[in-house]
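Take a look at the structure set out below.
Proteins get letters first, then strands, A, B, ... in listed order; numbering begins at 1 in each. All of these numbers come straight from a predicted model, not from anything done at the bench.
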Amino acid sequence: MDNRQIANLLAETADLLEIAAGDPFRIRSYRRAAEAVESSTIPLSQLAVEDPKKLLTIAGIGKGMAANILEIEKAGTLPLREELLVKYKPSMLELLKLPGMGPKSVALFWEVLQVADIDQLEAAIAAGKLEELPRFGAKAAEKLKKGIAEYRKNSGRFHLDDAEIAAEKITAYLLEFPGIDRVTPAGSLRRGRDTVGDLDLLATGPICEEDKVGPAVDYMAAYPPIASLIAKGANKVSFRLRSGLQVDVRLLPQGSYGAALQYFTGSKMHNVTVRQRALKRGYTLSEYALAKVEDGAFVAGATEEEIYAALGMDWIAPELRENNGELEAALEHRLPQLITQADIRGDVHMHTVATDGSNTIREMAEAALARGYEYIAITDHSKNLAMTNGLDDQRALTHIAAIRQVERDMAEEFYEREKREPEGSPLKPRPGSSGTATSPRQLPIRVLAGIEVDILADGQLDLADETLAQMDIVIASVHTLFSQSIEEMTARVLRALENPYLKILGHPTGRKLLRRDAYQIHLPQIFQAAAAAGVAMEHNSNPNRLDLCDRDLKMAKEAGCKIVVNTDAHHTSEMENMRYGIRQLRRAWLTKEDVLNTLPADEFLETVKRR
DNA sequence: GCCGTTTTCGGCCCGACTGTTTTCAGTCG
């Protein structure tokens with residue numbers, strides 16, 4: 001069992017304990033343990049077998065949790081969870097995912113109405129039974145009804161990162177088979193959609209020719225994590241993983257790999273249009289090849305490039321294949337030069353141990369330097385987010401000093417090292433980075449001081465202007481806006497945009513908000529106001545957070561907004577998430593020029609300060 | 001249930017907001 005699965009079991013146990021009104025501190029222990037397990041880079045199931053004592057070295061794992069993990073490894077579950085599931089139903093865990101539903105409501109509905117799942121809840125709402133309950137009225141019922149509809153819209157879909165992790169594991173497994181040398185995810189994962197319905201993987205190699213592929217198909221069907229095998233054909237295996245994710249693996253001959261990749265990448269509308277264009281040119285396109293209509297003669301098939309080229313088009317990046325003008329652009333050779341991860345010079349939204357992050361300022365800066373960034377901004381939470389130990393004005397000012405000190409320290413050490421080993425140091429400055437070889441005060445990395453403030457009910461930011469004036473970056477995020485009306489929320493944000501120190505408008509976050517396009521504010525109005533005020537819009541790369549979808553990003557660009565793409569890292573490892581954000585920007589046709597943190601540090605600062 | 005210690009037990013992230021309330025419980029981040 002991998003760390004993520006162990007973490008899920010622990011988190012579920014915490015949820016059940018909460019419904020059972022268990023000791024809140026014990027519940028928190030389970031949650032902390034779940035987080036610790038999930039963020040651990042060591043596979044714990046392996047550790048549990050080889051050296052169980054090492055489990056205790058992980059913060060948040062004590063004697064009890066170590067025993068729990070061993071038990072999970074042995075039995076696949078833990079006794080406390082099973083015990084609770086006798087009294088409560090597993091479907092109640094799903095009820096908890098609805099916005100506005102917490103453990104107390106789940107317990108109440110169960111005890112009074114015997115409601116255990118979403119269908120029963122819906123029926124109870126329809127029958128008006130909810131309003132008979134204490135603390136529940138028409139408004140609460142309406143809110144839950146909406147929540148159910150919203151939840152249903154994307155149940156059965158998986159976040160991009162979960163699908164990608166599964167894809168990487170299966171890819172590694174397939175590549176171990178002799179004669180398979182290429183595996184590529186297709187479908188919505190390749191197109192960079194933020195959620196995927198199922199996973200399509202295409203594999204090829206010498207062994208994948210029609211008469212030889214049998215053993216490889218058997219090998220795939222024997223993949224250990226398969227929960228249930230759905231189908232096994234001549235060159236295709238379909239199965240479901242324990243997470244519920246359905247996977248289709250196709251093993252294809254090398255000559256038609258490009259055609260298959262093109263076909264299975266989609267989207268459907270893109271493919272329909274491509275095939276129409278092929279027909280007009282006297283070709284027919286299938287998942288096997290591009291061929292002449294008249295005699296079926298093979299034209300192209302091994303690579304996507306040759307297929308698109310035969311149709312007079314440039315190769316189209318998968319993220320653009322939505323039949324939104326990309327085919328016309330490809331024919332006229334005017335596809336945009338999409339932004340890539342290599343264009344990003346800095347990540348300007350991240351947290352440290354001062355609030356709810358896991359690493360120090362220094363550790364974040366070192367990690368960013370190792371990633372090749374030229375600058376970062378430390379943007380811890382402000383006081384309104386009390387749960388995170390958010391900074392008040394006094395602490396925020398102290399924090400700025402600490403951030404500046406880290407920048408100076410790293411620079412000093414950098415010069416010392418430079419003096420000792422002037423050549424070949426990994427810390428040698430890049431050409432084009434801020435500063436020049438003649439400048440004695442060149443910095444290895446710029447560490448900007450920032451803050452993530454909250455927008456209050458009256459539209460004010462929750463720190464004083466005098467404090468904000470000291471910051472390089474001020475990001476405003478709306479954390480408490482979900483139950484407001486769209487009009488009220490929009491008005492709040494518009495008022496916040498008037499604050500001259502605000503540089504970047506962030507995103508509402510929330511575990512229970514799955515869809516990126518459910519942004520609960522009136523976007524066109526916000527984008528226009530932001531563009532007029534010179535405030536950049538943030539795109540958050542965290543694949544589990546609600547954020548701007550590609551359509552929103554396009555709209556923002558059209559309104560004249562600049563975009564900043566950040567990871568909102570709470571741990572050094574989360575800087576890795578930048579790739580998910582970049583995918584989303586690419587889907588919105590954004591180029592390097594649209595995104596502010598592709599600029600060198602000085603130009604970036606100049607631009608955000610110009611208000 | 002974890003942690004740190006005062007090696008045996010007490011402390012453990014807290015404030016805003018909402019709805020249905022006349023004083024607060026529940027949810028959220």
Side-chain angles (χ1 to χ4, degrees), chain A residues 10-11 13-37 55-69 71 78-81 95-109 130-144 146-147 351 353-358 380-392 395 452-463 477-485 488-489 492 506-513 520 540 542 544-546 568 570:
Chain A
L10 293 171
T13 308
D15 285 342
L16 287 166
L17 273 172
E18 235 179 340
I19 294 171
D23 172 16
F25 297 111
R26 193 179 175 208
I27 294 165
R28 195 186 305 167
S29 288
Y30 274 88
R31 271 199 216 295
R32 274 196 64 197
E35 276 166 33
V37 168
L55 289 173
L56 297 172
T57 61
I58 300 168
I61 310 273
K63 252 170 79 181
M65 280 305 161
N68 279 337
I69 292 170
E71 184 62 26
L78 67 171
L80 179 60
R81 177 170 173 275
L95 275 180
L96 276 178
K97 291 180 182 164
L98 296 174
M101 275 291 269
K104 298 286 188 229
S105 305
V106 171
L108 181 71
F109 293 174
L130 235 59
E131 294 167 43
E132 298 165 10
L133 264 45
R135 299 193 331 270
F136 283 88
K139 263 188 169 171
E142 186 56 30
K143 211 159 98 183
L144 277 177
K146 265 192 190 163
H351 299 269
V353 288
T355 61
D356 61 349
S358 311
D380 274 301
H381 291 286
S382 57
K383 62 183 178 190
N384 199 44
L385 231 59
M387 184 196 83
T388 66
N389 190 23
L391 308 175
D392 58 20
R395 284 181 64 215
E452 179 181 11
V453 291
D454 221 5
I455 301 175
L456 301 172
D458 58 3
Q460 298 294 308
L461 305 182
D462 69 327
L463 288 184
S477 293
V478 194
H479 286 106
T480 50
L481 115 173
F482 309 119
S483 40
Q484 298 274 333
S485 73
E488 170 55 27
M489 292 184 271
R492 249 194 224 194
H507 52 93
T509 59
R511 294 197 309 282
K512 295 196 177 185
L513 292 167
Q520 295 289 305
N540 189 320
N542 187 325
N544 292 313
R545 298 279 165 85
L546 174 85
D568 190 8
H570 287 65

Nearest-Å distance once atom [atom1] is located in both [N] and [M]:
N	M	atom1	value
B/dT5	B/dC12	C1'	14 Å
B/dC14	B/dC9	P	25 Å
B/dG10	B/dG15	C1'	24 Å
B/dC13	B/dT20	C1'	28 Å
B/dT21	B/dA16	P	24 Å
B/dG1	B/dT6	P	25 Å

Quiz item: More 5' along DNA chain B: A/Asp458 or A/Ala141, using each one's nearest nucleotide?
Solution: A/Asp458

Exercise. Using heavy atoms to find the nearest nucleotide of DNA chain B for A/Leu133 and A/Ser105 separately, return the residue whose nucleotide is more 5′.
Key: A/Leu133

Self-check item: Watson-Crick or G-U wobble mate for B/dG10, both contacts under 3.5 Å
Solution: B/dC3

Shorter than 3.5 Å, N or O on both sides, protein versus nucleotides 3-8 of chain B: list them out with atom names.
unit_1, atom_1, unit_2, atom_2, d
B/dC3, OP1, A/Gly60, N, 2.8

Self-check item: Partners meeting ring pair (Phe, Tyr, Trp, His ring centres under 6.0 Å) with A/Tyr30 (sequence neighbours left out)
Solution: none

Practice problem: Looking at every strand, decide which applies to A/Ala138 at a 4.0 Å heavy-atom threshold: base, sugar-phosphate, or nothing. | Solution: sugar-phosphate

Exercise. Drop me the distance from A/Arg28's CZ to A/Glu18's CD, to the nearest 0.5 angstrom.
Key: 10.5 Å

Exercise. Check for a donor-acceptor pair, side chain of A/Asp454 on one end and backbone N or O of A/Asp462 on the other, with a separation under 3.5 Å.
Key: no

Quiz item: Can you find a side chain N or O atom of A/Arg135 that sits less than 4.0 Å from OP1 or OP2 on B/dG26?
Solution: yes

What nitrogen or oxygen pairs link the protein and nucleotides 11-13 of chain B at under 3.5 Å?
unit_1, atom_1, unit_2, atom_2, d
B/dC13, OP1, A/Arg28, NH1, 2.3
B/dC13, N1, A/Met387, O, 3.3
B/dC13, O2, A/Met387, O, 3.1
B/dC13, N3, A/Met387, O, 3.2

Quiz prompt | A/Lys104 side chain, from C-beta outward: closest of B/dG1, B/dT27, B/dC17 | solution = B/dT27

Quiz item: Out of B/dG19, B/dT27, B/dG26, which has the shortest distance to the side chain of A/Lys139?
Solution: B/dG19

Exercise. Specify whether A/His570 and A/His381 have parallel, tilted or perpendicular ring planes, treating 30° as the upper limit for parallel and 60° as the lower limit for perpendicular.
Key: tilted

